[in-house]
Amino acid sequence: MNTAIVDPMIPVPYQVRSFQKELSDTFTIELTPASGRRPFHFKPGQFNMLYAYGTGEVPISMSGDPADPSKVVHTIRAVGTVTDTLMALREGDNIGLRGPFGSSWPVEAAEGHDLIIVTGGIGLAPLRPAIYHVLKHRKKYGKVCIFYGARTPEDILFRKDLESWRGRFDMYADVTVDRGTGDWAGPVGVVTNLITRGRFDPHHTVAFVCGPEIMMRFSVQTLNGLGVTNDRIHVSMERNMKCAVGLCGFCQFGPTFVCKDGPVFRFDRIQKIFPVREL
Amino acid sequence: MVQIDGLGKLLAEHPFFRGMDDAAMEVIAGCAANERINADTYLFREGGAADKFYLVRHGTIALEFHVPGRDPVVLSTVHEGEIFGWSWMVPPFTWTFDAKAIELTRLVSLDAKCLRGKIESDHSLGYDLLSRFIPVLADRLNAARLQMIDMYGRP
C-alpha cells in the first residue's frame, strides 16, 4: 500500500536531509518529509517526480534501500535546468515530491534464478535498490553478477558499493571503463565484454539492464547471443515525463506510457518498438 | 609429441578453438608454444613483425596505442579465454598496437609463418580459422564503435 501518494498530482514538501557529491556532475540527496517523519515505501526501480520550486519537475529513480522507509534517496546527474537547480540544493532546503510511480524490477520473480545486472554510467542508481534487496535475500537467488561500465575510472558511480560487492564471496562484480586513465589496472572496453566473461547459466538467468539506450541495445544482443531470452531480460526506459500517471501522453512509447507501464519493461514486450527510431 | 599433445589439449580447451576437429587441432598445435609474461612487460610493440597470435590462458593483456607526448592509451584489455593479434593475417604483417601484460599472464602463441604455410596448403583449415576470427573481429569493431561514441557522455 502506497502511503506516500495523497493526490498523485500534488507535490508534497520534502526537506533535504543530506547532500553528497558523487562525481563532478552527479550527486545524491536524502530527503525527509517537511511535515514530520512518515514512512516512504517504494519498490526497486520506481521513480519520483522531484519539483525544484520555480524551475520545474523531473522524474528521478530512487537509489536508496527499499527496506528503509525512513529515507528517500535520489542520485541525480545534472544535465539540464531542473537538475542543475537540484544540484544547488543543500541541507535544509525544500523541494516538492510526487510518487512513487511506475513499474519495478521483478526481484521476486527472479528468485530461484541466476541474476545478471548489466549497467553503465548513472544507470547504476535505479538498480541499486534492487541490488540491496537481492543481497538482503541472497539465499533466494542463484549466482548474482553485476557488470558495470563507466566512461573513465573517475566516472565510476558508487565506487565504495562496487568495491564492497566485489569483495563479497557470494556474488561477482566487475567494472570496466571505456578509457583507462591514471593507474587504472582493471578492464578497459565496453560493458558487453564483461557479460561474455561472466560465468552464469544463461538458460536459468534473469537479467536487469539499465543504462544509455545504446548500451542496453548491445547488452540485450549479447545476452541473447549467450542464450538469455527476451522474456527473462528487463530494461529500464527513460523518456521525458510530465504527469507521471499516464494521462498527458508525454512519455508515450508505442502503445505504452513509460511513466505508468514502465520504466521497467520485460524486454519481449517492447522488443518490436525498442529499435524504432524517434519513438 | 608429448609436448604437442599437451599444447593440443590446451588449445582444445580454449574457447577460441572449441569444436575444432582433432585432425585440424593437431595441425594447429604444431605451430603452438607456451609462453609466460611478467606484469608490466611488453609482449610486442607497434611496428614490430606480427609473427604470432596469442590465446590468453590466464591473466590480462592491455592493448595500447602510443600517442607522442601522452601516456599510452589503453584501447582494451584482453582476458582469460580470449585472443589477440590479427595482424599476422594482414600484409605487411606488422603490429598496429602495443601489447603489455597487466599481471603475470600465461599464453599460447601460434607461429604466424607456420600457420600461414599450413593454411596455404589446406584451405579448409584456413576457412575454419577465418570463421573463428571474423566473429572476434566483428565484436572488437562493434566494441570500438561503442567506445568511440562516448555513450556515457552528457546527453
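These values consider heavy atoms only, across backbone and side chains, with no hydrogens, waters or symmetry-generated copies. In what follows, chains carry the letters A, B, and so on, assigned in the order in which the sequence lines appear, proteins first and then strands, with residues in each chain numbered from 1.
For A:N240, the CG atom is loosely surrounded, since the number of other residues' heavy atoms within 6.0 Å does not exceed 12. Within 6.0 Å of OH on B:Y127 lie no more than 12 heavy atoms contributed by other residues, nucleotides or ligands. With a 6.0 Å radius and a threshold of 12 heavy atoms from other residues, nucleotides or ligands, B:Y42 has its OH atom above the threshold. Counting heavy-atom neighbours within 6.0 Å of B:R106 CZ, excluding the residue itself, gives a total of 12 or less. Sparse packing is recorded around NZ of A:K242, with 12 or fewer heavy atoms of other residues, nucleotides or ligands lying under 6.0 Å away. By the 6.0 Å contact criterion, CD on A:E238 is open, its count of non-hydrogen atoms from other residues, nucleotides or ligands being 12 or less.
Here the OG1-CH2 distance, from B:T77 to A:W184, works out to 9.5 Å after rounding to the nearest 0.5 Å. Atoms CZ and CD1, on B:R145 and A:I214 in that order, are 10.5 Å from each other to the nearest 0.5 Å. Residue B:H79 holds its NE2 atom at 9.5 Å from OG1 of A:T196, rounded to the nearest 0.5 Å.
Side-chain atoms of A:R151 and B:D150, non-hydrogen and from C-beta on, do get closer than 4.5 Å to each other. For the pair B:L75/A:V188, no side-chain contact is recorded, criterion being any heavy-atom separation below 4.5 Å from C-beta on.
Comparing B:G81, B:A62, B:G153 by heavy-atom pairs within less than 4.5 Å of chain A, the highest count is held by B:G153. Ranked by heavy-atom pairs shorter than 4.5 Å toward chain A, the options B:P72, B:A143, B:S76 are led by B:S76. Options A:G180, A:P187, A:G123 differ in how many heavy-atom pairs under 4.5 Å they form with chain B, and the most are formed by A:P187. Between chain B and the options A:G211, A:G186, A:A185, A:G120, heavy-atom pairs under 4.5 Å are most frequent for A:G120.
Heavy atoms closer than 4.5 Å to chain B are found in the side chain of A:R197, but not in its backbone.
A salt bridge between A:R199 and B:E80 is present, with a side-chain N of the basic residue lying under 4.0 Å from a carboxylate O of the acidic one.
Contact detail for B:Q147 and A:V190: the closest heavy-atom pair is CG-CG1, 3.8 Å.
Applying the side-chain contact (heavy atoms from CB on, under 4.5 Å) test between B:Y152 and each of A:I122, A:D178, A:D155 identifies A:D178 as the sole match.
For residues 215-229 of chain A, a heavy-atom distance under 4.5 Å to chain B picks out A:M215, A:F218, given by residue number.
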